[in-house]
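If you're wondering where the values come from, they're calculated on a predicted model, not measured in any experiment. Order of listing sets the numbers, starting from 1, for every ligand and every atom in it.
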Amino acid sequence: MDEVTGAQLIAESLKTQKVEYMFGIVGVPIIEVAMAAQAAGIKYVGMRNEQAACYAASAVGYITGRPGACLVVSGPGLIHALGGMANANMNCWPVLVIGGSSDRNQETAGAFQEFPQVEACRLYSKFTARPSSLETIPSVIEKAVRTSIYGRPGAVYVDIAGDMVNAKVERDKVREVSCCPPPPVSLASSVAVEEALSVLKAAKTPLVIIGKGAAYSRAEAVLREFVEESGLPFLPTPMGKGVLPDDHPSCVAAARSRALLQADVVLLLGARLNWMLHFGLPPRFNPHVKIIQVDLCAEEMGNNVKAHVALLGDVGAVVCQLLTCVRKDGWKYPSKTEWWSALSQKVSANAKISKALALKETLPMNYYTVFHHISQLLPRDCIIVSEGANTMDIGRTMLNNYLPRHRLDAGTFGTMGVGLGFAIAAAAVETTRIKPQRVVCVEGDSAFGFSGMEVETMCRYNLPVIIIVVNNNGIYSGVDADTWKEMAKMGDLTSVAPPVSLLPDARYDEVMTAFGGRGFLVRTAEELRDALQLCLTDWERPSLLNVLIDPSSDRKQQVHEHLCNYIDQSWF
Ligand code: TPP
């Protein structure tokens with residue numbers, strides 16, 4: 001009699017559904033699930049906190065289009081993973097969380113680590129279920145995977161009763177469930193596409209905004225043709241960066257404020273008019289702007305600003321429809337317009353300001369100097385993971401992306417602590433490729449602290465991630481070592497130390513060396529260049545550059561300073 005355990009059924013079902021990566025922390029009752037997953041050919045990465053494990057699994061979902069699995073124990077294990085589920089759901093990234101839970105005969109009896117897990121996950125996901133028997137495991141997992149990638153992608157949860165893990169069932173009694181195909185591709189109505197073209201043709205100051213929905217849809221090839229043939233300027237959202245290269249001649253990211261404010265027509269491709277795009281409203285947008293909204297989610301249409309034209313469908317497929325229409329019509333937005341020259345002037349003026357700050361030779365370094373040198377050394381195909389406040393914001397403007405899905409950051413939810421999990425996921429995927437690309441993780445010192453122990457995970461699996469901690473001794477800003485000592489003399493630090501401050505000159509590099517990775521303490525541009533160069537040539541082990549910068553270093557003056565205080569700087 002051929003029998004199969006619950007753990008094997010879970011593992012085989014995941015494999016059938018093309019779930020190739022699992023991140024988690026084992027314990028009762030799911031240790032056998034992780035072992036069965038490995039036996040089924042799924043790569044298992046043991047992490048140090050379920051939150052980071054869930055961030056990692058969701059990053060796999062975004063990068064590959066197939067969800068990663070996050071395996072957690074019951075109660076506190078699952079609770080830790082909720083942060084990752086919420087982050088994935090906000091980002092619209094697929095992830096499948098599998099939680100062990102109490103035995104069926106102990107439910108509500110005060111069992112070990114008992115918690116109402118299915119109910120708890122509902123707010124954080126699109127789908128939650130607890131298979132009622134071993135026989136239903138394959139179909140529940142198929143539905144979970146399908147739901148995570150169909151429609152608007154997001155998080156899903158499957159609860160596994162502890163006693164089902166090692167229970168057995170005859171294989172013949174389990175109905176085979178085949179792999180769910182990639183999501184069906186939907187197209188916009190052809191009437192709406194024609195209308196979009198006529199609105200674009202009538203525009204004086206048009207703008208294309210490329211969101212991470214375009215990256216997820218793999219729209220890069222058709223989008224490049226569309227942008228080049230239509231002659232329209234574009235700017236990316238943070239994770240839309242790289243769908244088209246940041247150095248593309250039509251990219252006006254460096255003139256972002258002006259482009260948003262003066263555009264009369266915006267073609268919005270897989271981006272939401274939420275806080276990241278200032279809700280599409282004045283004073284950051286023209287009050288009369290016409291939005292041509294392209295999204296695969298009907299409920300997104302008209303959020304905050306009414307869509308002048310709503311193109312419901314897959315971003316890549318809809319851009320293909322628009323391109324066909326543009327070609328048939330023979331229309332192209334002229335390259336010699338007042339709009340183009342206003343944008344180009346602003347792009348070069350802004351580049352000059354950043355360059356002047358970057359070339360300052362004073363020590364300690366400022367953010368701009370650090371990013372200037374990093375940007376000169378990074379390979380074009382590297383994956384940039386980034387989080388922090390100034391570190392992330394300034395880094396985004398100075399570190400170019402040239403390839404799609406090559407930037408992973410705090411995202412729509414503004415979550416600190418995602419960086420190391422994302423970097424581990426990206427590196428795990430890269431190691432399977434014939435020509436792996438480097439993963440560079442640029443962290444604020446506060447951001448690094450949230451999941452810092454994942455450095456051990458990187459060292460354990462020998463993932464050649466390069467972490468750069470931009471260390472200003474605090475959250476947004478900090479104080480220097482002398483001031484800290486003076487404050488300590490004044491009395492209890494919990495009363496006198498600014499809440500933003502962290503330990504001055506903390507040796508984050510030694511966290512990396514503690515586990516056998518390479519650590520560098522960096523104070524000057526020369527040290528930064530030497531260390532980064534060395535790490536880029538060494539693929540053997542992870543590295544961490546602890547870059548000490550001026551604790552009072554800040555962003556350059558913003559045009560909308562009064563708004564930045566509300567929208568940009570206190571983002572999170
Ligand atoms: N907790 C979470 C989970 N997410 C958040 N966004 C915050 C707290 C609030 N917050 C926003 S940015 C930030 C924090 C704690 C850290 C900024 O400091 P750092 O990472 O050192 O970057 P810096 O701006 O100093 O370069």
Interfacing atoms of ligand 1 (cut-off 4.0 Å, heavy-atom, Ala389)
12 (S), 17 (C), 22 (O), 23 (P), 24 (O)

Should one rank Gly474, Gly388, Ser446 by closest heavy-atom distance to atom 25 (O) of ligand 1, which comes out on top?
Gly474

Are the side chain of Thr391 and the backbone of Glu387 linked by a donor-acceptor contact shorter than 3.5 Å?
no

Counting from 1, what ligand 1 atoms have a heavy atom of Gly414 closer than 4.0 Å?
4 (N), 5 (C), 6 (N)

Would you say the ring centers of Phe127 and Tyr157 fall short of 6.0 Å from each other?
no

Ligand 1 to Asn472, heavy atom cutoff 4.0 Å, flagged ligand atoms 25 (O)

Residue pair Tyr55 / Ile424, side-chain heavy-atom distance below 4.5 Å
no

Ligand 1 contacted by Gly417 (non-hydrogen, < 4.0 Å)
no

Ligand 1 atoms nearer than 4.0 angstrom to some heavy atom of Thr391 are 22 (O), 23 (P), 24 (O), 26 (O)

Is there a donor-acceptor contact under 3.5 Å linking the side chains of Thr412 and Lys212?
yes

Does Val470 have a heavy atom less than 4.0 Å from any atom of ligand 1?
no

With backbone taken as N, CA, C and O and side chain as the heavy atoms from C-beta onward, which portion of Tyr367 lies under 4.0 Å from ligand 1: side chain, backbone, both, or neither?
side chain

Return yes or no for this condition: an N or O of Asn390 is under 3.5 Å from an N or O of ligand 1.
yes

Using a strict 4.0 Å threshold on nitrogen-to-oxygen distance, state whether Arg518 and Glu540 make a salt bridge.
no

Can the ring centroids of Trp93 and Phe422 be said to lie less than 6.0 angstrom from one another?
yes

